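This report concerns only the one structure given below.
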Amino acid sequence: MPEFQTSPGMRDILAPESARWRRFVQVFADTVEAAGYEQIIPPLLEDIGVFSRVGEATDVVTKEMYDFVDKGERHVALRPEQTASVCRAYVQHRPTLPWKAWYSGPNFRYEKPQRGRYRQFDQVGIEVLGPTDPAVDVEVIALGWRFFQSLGLQKVTLRLNSLGEPADRQRYTEALRQHFTARSSELADETRATLARNPLRVLDSNRSEDADVLKSAPRIDDFYSPAASEHFAQVRAGLDALDIPYTRDERLVRGLDYYRFTTFEYAGGTLDSAQNALGGGGRYDGLVEDLGGPATPGVGFALGLDRTLLACDDEGVFSAAPSVVDVFVIDTTGGLEATVLTDQFRAAGLRADRAYDNRSMKSQMKAADRSNARVAVIIGTDERANQQAVVRPMNGGEQFTVTRSTLLDSVLRAVRAESSPTPKESQ
Ligand code: AMP
């Protein structure tokens, strides 16, 4: 075993998976930029206070943070998520409202690694700061939905809830505390610990011991203010108007403490339910204020790249495509011809590669095969002497000899012919 390997929960992403990751982010960027969102690239590391505002009662903050004191005695942390950073950036730069931002990149949480759960994992997400309009909630939820559709996913489901206004949420939390405390002897030990930290999170429990106590728990619907009911009704009407199917899930409270009003979660259609949450979000009127800014409503979501790609694997969509080279130059005369020709082909917009170390013809042909090239260009001693080149379609077509002055045109034509779909593929 080599002396150094990636740390637990951290991975190298090699080709062709790395190209798939890049395409994933590109499809996301295309989806949300078409809706007026602009990219923000926050730093990986921030003052720990930025993240602790997210919720002292969450595991993300209490147990999973990668934090340390830096050489300047600052207590910093690798970001466990990016919503807090986006809000901190808003307070710092004050872009004009409404501010519609998207992001992508890695986050860090010290979790127990397993399939679909890593210590470094990538997310893409959007945030809208400014409007309280339920139309924004609908836009945000719909963009996530449309993104999954663009990837080809058909089994994603959407769950929706509202936590009401802060005062509603508070009264509801208090009612839950009383209910669960009165029957705490019936709850699992771990659930009792959750109850002490945050009664709302008890609703997340899937433990069978807790089922009865949960069933008789107070319902959030009875705590909505008229404004909260109206907001929720409009979100639902918007989703209905867009034909986006969802199920109402009264127990969907989401992990982070700052959610108000709308919360939602997307789940993959696979059986492995522990890891099938692809992403989620909600409204968080209050976070910007907590970070020292003026009261500014916000709504957004974060989607896990790793889990969404696992869902793609399960549904057999958005697969990794092996990289394809247009033209591979085989030069048995020393290599300088290959240096010049690959440069010319690349300048003409072709993906061009070659072999190195002056290998034999046979070994260079093998390399051409491995590269999945559509066309090989062969320069041997005769071709060099006569200012010619052999063009060989790699799909089994007849090879032919051309002069150097017509080589580029011939290669472009041959690449085009090789890349047009065969009748079978185009069916
Ligand atoms: P959260 O920020 O906790 O709401 O998570 C949003 C999404 O990020 C989840 O639904 C997952 O898809 C993804 N995610 C969160 N934590 C991890 C992790 N440790 N490893 C992989 N993906 C994660």
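Ligands are counted one by one from 1 in listed order, and the atoms in each one are counted from 1 as well. Quantities reported herein were computed from a predicted structural model and do not represent experimental measurements. Every heavy atom of this structure was used, including side-chain atoms; hydrogens, water molecules and symmetry mates were not.
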(request) State the atoms of ligand 1, each with its element, that fall below the 4.0 Å cut-off from a heavy-atom position in A277. (result) 9 (C), 10 (O), 11 (C), 12 (O)
(message) Taking a cutoff of less than 4.0 Å between a non-hydrogen atom of the residue and any ligand atom, is G280 in contact with ligand 1?
(response) no
(message) Closer than 4.0 angstrom, basic N to acidic O: yes or no for D47 and R74?
(response) no
(message) Salt bridge check, E174 against R171: does any charged N sit closer than 4.0 Å to a carboxylate O?
(response) no
(request) Check whether any N or O atom of G279, backbone or side chain, sits under 3.5 Å from an N or O atom of ligand 1, and answer yes or no. (result) yes
(request) Select the closest option to atom 16 (N) of ligand 1 among Q123, E81, R109, judged by heavy-atom distance. (result) R109
(message) If the cut-off is 4.0 Å to any non-hydrogen atom of E111, which atoms of ligand 1 fall inside it?
(response) 16 (N), 17 (C), 18 (C), 19 (N)
(message) Checking contacts here: is it the side chain or the backbone of L278 that comes within 4.0 Å of ligand 1, counting heavy atoms only? Could be both or neither.
(response) backbone
(request) Using salt bridge (charged side-chain N to carboxylate O under 4.0 Å, His left out) as the criterion, point out the one residue from R20, R11, R117, R115 that pairs with D306. (result) R11
(message) Looking at R201 and D204, is there a salt bridge between them, counting it only when a charged N and a carboxylate O are closer than 4.0 Å?
(response) yes
(message) So that I know where these two stand, are F147 and F24 an aromatic pair - ring centroids less than 6.0 Å apart?
(response) yes
